[in-house]
Structures are given as structure tokens and as C-alpha cells.
Amino acid sequence: MINFAPMDFIVDAAIRAVKALYNTDINATDITLQQTRKEFEGQVTIVTFPFVKLSRKSPEQTGTEIGEFLLNELADVSAFNVIKGFLNISISDEYWIGQLYNQIARPEFGVYPPKDEKVMVEYSSPNTNKPLHLGHIRNNLLGYSVAEILKANGYEVIKANLVNDRGIHICKSMLAWQLFGNGETPESSGLKGDHLVGKYYVVFDKEYKKQIDELKALGQTEEEAKKNAPLIIQAQQMLEQWEAGDVAVIDLWKTMNSWVYAGFAETYKKLGVDFDQYYYESDTYLLGKDIIDEGLAKSVFFKKEDGSVWIDLTAEGLDQKLVLRSNGTSVYITQDVGTAQLKYSQYHMDKSIYVVGNEQDYHFKVLFLILKKLGKSWAPGLFHLSYGMVDLPSGKMKSREGTVVDADDLMEEMEQTAKTHTEALGKVNSFGETEKEQLYHTIGMGALKYFLLKVEPKKRLLFDPAESIDFQGHTGPFIQYTHARIRSVLNKAGYTSGEASTDIKQLDALERELILALNQFPEAIMQAARDYSPAVIANYVYELAKTYNKFYQDKAILKDEVPADVRQFRLTLSAAAAKIIKRSMSLLGIMVPERM
RNA sequence: GCACUCGUAGCUCAAUUGGAUAGAGCAUCUGACUACGGAUCAGAAGGUUAGGGGUUCGACUCCCUUCGAGUGCACCA
């Protein structure tokens, strides 16, 4: 059996120590256990300041008393030292060696047993009027990674994509294509479908601006001109026709959306993300009205004289929020109420995560509050995974000003950079062409994904296109390289997994440090899930790779002077490191190569 | 104006959730047995954690306040 809290035996003993010494009952949560800092002797540290009140003795004395107790009680505790309020405990090398062979080296290590709980992770959720950009990449990578992390924690996960396929924005592209497109198609133009549609979105905007200027020249104010420009009026008409089911408009809409979907599919594939369930706003945009009725009956909502329906959230520190227009049609939040219900009715999931940018913080606060007030039993399981915008040095990305970092372009560039780096090192000259292409993709995407995922989701991210993403230091390729190098050693040694344990009894400091790092993998997985933060995994695996590299640099494995049992032991240690690096990276959606 | 989020080395990020002398990478400088793979490793230098006040054994972390940045505050989505 894999033990997911290997240090619990220390906690238990500490509780007994406090009981025996100070006759007080404490809980496991009262004990702060942390890894001992490298500059001190020991591997596990108990913070003993909180017990000083109970012992009425100095921190040093208290620590010493508890230390003595642990030393007597636990066979695996080999020594301790006390510095101020910190009790540093040394655990025997036999324990750590056993931990490696019996826990860490096993395939199930870090795979939590099924929880019998379902989570839906909604992410990506693109508009169908333009191609994906860097902001979408962050969204996609976050969503995918969080889904993988939740799976590793034993959840059943449904990855959902709510496609915003209707509305004025797509009508703008459609109209511009109709007026200026001359029947251009992805085939005829050689453009990827989403880029083609995006091109006409830009055309619309350009022509629209022209009309605005003309109207202003005729004496209209900016505001008037924006409202009166023929193009915007036409686009609005088109939307009405769409809603009325006009066959020609629907046909055009279907055609152009199909172009976009083909383009998205390509981008998603390259990004390495996927979905179990697609929702389309064209199907869901009318949902939610019946729930508004339900809420009216329960007096969660109230109706104004003009017929519009509202919810009053002033008691919660928010405002009054409209949920139904006076003409009876629904608004954005109404749809989301309906879609949330639809999702739940379909899957009965315990949790539902929305991966959406932080500009919608308020929206989700209101949405979740509405569902709670409606008494939905599943409302507490809703969570908005809010992430920061990706900014350029010049500020926000603006599609109209052409400062958007296109997703396809960026991925292409990353592969090119990977190619340049790799060729300069000249280590893979024996690779075939397709093998090389794959490798460049793996490394380029590794650099990009790691760059985006190592930052805490809620923080905003600065991306400087002029400064290429690093391949050295705290980066994806650094970790990939560590993996490739371990694999190389293992291959050279002809190592196969599951080889017999050795009777090694003592550890070198670097070996011990490495086992400790490996041992923290399950905790990192758990913390990443608790915080919905791939950054936890990213930083963990970096630390691990660094620890391995330090070990590797200093300790020979295959050299002649290394005794057979030590060699065998270090191979097991290396194999475990490679495995956990690979698994960690896969939680980030990053592949690791065998050679690079 | 109101609300939310953020502010850590020149730059990009950490800090075991309130614990020890705030750690990494990049950039700069110095070094590594003729490389079990140098996309590596060792070292130097770099900090009043935006400023001020408070809470306590202890604060980057919690509270108040000032400053700065971002976002939101539509019968748009």
C-alpha cells in the first residue's frame, strides 16, 4: 500500500509526547511539520513555539523534552537537535531507503485512489470570430493542467468547452465576408479557417471606423456616428435574422463556424488539449428563463414596473443585478444560470471549475450567489479559477491594433527556436526528420508551457515578444534535459524497472536529499489540487530536477570505482527521479524526451 | 467615485499557508576532474518584501492607512 502521509507517525508521536509530558490533548492540526532547512541537521522539523504555553518552559527545553520522547519511542528517529523553537529530527537512513524501495519506486506512487467525486473543468471557451491568442493559450494550459491534477487526486474529471458561437461579433465577420470577401474560402486563400474569419472581423472594424469618420465629418458626434453607421446597423439586422432562423444567414453562419472549428481543432491539437464535452451558446443562450420564474416564485428575484427582473445583492455588498430584460429576453448571466443547471443535470458533478480570466470576477461572484440563493444544492461546489491577463510590455493585447500574439504563430516560433538551439548543440544528428520535428515540438512547447504555468494563475503575466523565452535555468527544457540525461544513464546501464533492492544501509547527503525531494511528490499533487494551481507542480518539479542534477554532478553511478550495490541503488534512485519528473511534467501537459 | 486583485534582487518568479539568516533563474563576474550528456554544476555580487502604523513569542503572509499598477461597475457577451 502506498502511504500518502508518510510523516504521520511523527505527528502521532508528537501528540503522545505532549500528552505524556504536559498532560494536554492536542490535534494533528496543532502541529506544524516542515522539512528541515538544509543548513541544519535533520529532515523533519516540528515547530515547538506553540507548546511553550503548555510546558511553561523555554522553547529549547520544550523541544528537548519532546525530542527525547520521540527518540525513545520511535525506532526510525535516530537523533534530534533543538534550535530556538525548532525541533529538528533526524530519521534513520534505513527508513529513507525503505521509503524509496517500498513507496517511491512503485508505479502507484503519487496516484491517489479514486475519490468517487466528479469535477467538471470548463476552459478555453473561445469566440468563433477570431483565432486564438496568447491569452487563450494561458487559459487552455491552465484548464488542461488543472484537470490532469484533479485526476491525479482521484477525481473523475469532465473537461468542457463552452463555445461562444453566436452574437454580434460573429455577425460582424459574416457581414464583412459577405460584402468584401469575394467568396474567399480557406481552400482558395490557403488561410487557416479561424484566421480567415478573423481577417474579416478586422475588415469589419476598419470599414466601420471609416463610416464613423465620414459621419463625424458630416457633423455627428462620435456616439451618434457609432450608432448610425450603416455597417453596425446591418450587423444588428443580421443578428436578428439569425435569431429568427433566416435560412441564408444560418447557412453562412454554419459555414463560417465550420471553418473556425477546423482551425481551432488544429490549434488545440498542437497545444495538446482536449475536451470531453462541448457546449455551444447557440444551444444554451435561451436557457435560464424558467429558473428565473422559479426564483420569482421563491422571491429570490423581484420584478420592476417595466417588467424587468432583478436580484438585490446589496446585503452581500454587491449591487442590484438585472437577470431578465423588460422585453422578457435573457442576458448573459441568465444564460450562465441555465447552463450551470444544464451541466449539473447532465453530470451531477460535485465540483464545477470555471477557468475564466479575472475580468469576470464580479460576474462569477454574482452568478454563484444567485445559484446559492436559489437553493441549488450544488452551488457550493462552484469555483471560478480566475487568472490574470497576459500583458505585453506595451500593455494590453489589442486585436484591433495588431498587438495580439497569435497562438499559432507563437507555437511555430517556439519550435523554430527549439530547432536552432538543438542544432547548435548537435546532439541529435542521428535523428530522422520526423523524429527531429517531434523533438522540436516537444522542446518548444515545453518551454512555452512551462513559462506560462510556473506563474501562479491569479498573477498577471508579462510576455515580451522581443525577448525569447529561455531554454536555460528555471525552464521547461532544463527539466526535460534532466530527464533525457537520466534516461541516457539508465539505457547505458541496461537498467529495467523493478530490479532487486540492495542492502545499502547508509546514505550520502545528496542521496538523502534526493529521496526527500521525491518523497514530496504526493504532497505537491495534493497542494496543487487544493489551490487549483499548476504552478505548485511546476515549482516542485524544478526543485526536484535541480536536486537530481546536483546529485548527478557529484556522485558517479556507472564509473568503475562504484561498488555494485551502490551502483544498483543509484540507478533505482535515478529511475525514480526520471519517473516522477515525467509524471509531474505530464500533469502540466508537457512531454519529456528520451534524448535531446 | 465604489468594488476586487496585485506590488518581493536590474528583469522573470519562489517562500512548506503565521515560523529559523526572504530563496531560485536570467543578466554581470569567477571557476569545474580531458563530459556516466556542459540545455549541467560550484561560487561572487545583488533586498528597508512599495511607504507608514498595528496585531504577537514570531509578519512577505493577518488588520488599518497612503502610494502605484491592473480589472470590473450595461436592459453587451
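Letters go in sequence order (proteins before strands), and every chain restarts at 1. Quantities reported herein were computed from a predicted structural model and do not represent experimental measurements.
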Would [X] count as stacked on [N] if the rule is ring centres under 5.5 Å and plane angle under 30°?
| X | N | value |
| --- | --- | --- |
| A:F40 | B:A20 | yes |
| A:F86 | B:A20 | yes |
| A:Y332 | B:C76 | no |

note: A:Y540, atom OH; B:G23, atom P; distance rounded to Å ~ 22 Å
Inter-nucleotide [atom1] distance ([N], [M]), Å rounded:
| N | M | atom1 | value |
| --- | --- | --- | --- |
| B:G31 | B:C63 | P | 50 Å |
| B:A22 | B:A9 | C1' | 11 Å |
| B:C6 | B:A14 | P | 12 Å |
| B:G23 | B:C57 | C1' | 25 Å |
| B:A35 | B:C41 | C1' | 12 Å |

Donor + acceptor pair across side chains of [X], [Y] (<3.5 Å):
| X | Y | value |
| --- | --- | --- |
| A:S282 | A:D165 | yes |
| A:Y279 | A:S125 | no |
| A:Q520 | A:Q35 | yes |

*A:N491 side-chain N/O to A:S488 backbone N/O, donor-acceptor pair under 3.5 Å*: no
Taking only the side-chain nitrogens and oxygens of [X], find out if one of them lies under 4.0 Å from OP1 or OP2 of [N].
| X | N | answer |
| --- | --- | --- |
| A:K38 | B:U21 | no |
| A:R325 | B:C76 | yes |
| A:K492 | B:G37 | yes |
| A:N549 | B:U40 | no |
| A:R485 | B:G38 | yes |

Handout entry: Mutual orientation of the aromatic rings belonging to A:F86 and A:F49 [parallel < 30°, tilted 30-60°, perpendicular > 60°]
Key = perpendicular
Requested in this report: Determine if the base of B:U17 is syn or anti; take syn to mean the glycosidic torsion is within 90° of 0.
Outcome: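 Nucleotide B:U17 adopts syn.
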Polar pairs (N or O, both sides) under 3.5 Å between protein and nucleotides 6-13 of chain B?
from	atom 1	to	atom 2	distance (Å)
B:C6	OP1	A:K458	NZ	2.5

- Item | Check ion pair A:R166-A:E243 (N to O, under 4.0 angstrom) |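 Salt bridge flag = yes for A:E243 with A:R166.
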Scanning all shown strands, the Watson-Crick or wobble mate of B:U71 with both distances under 3.5 Å is B:A3
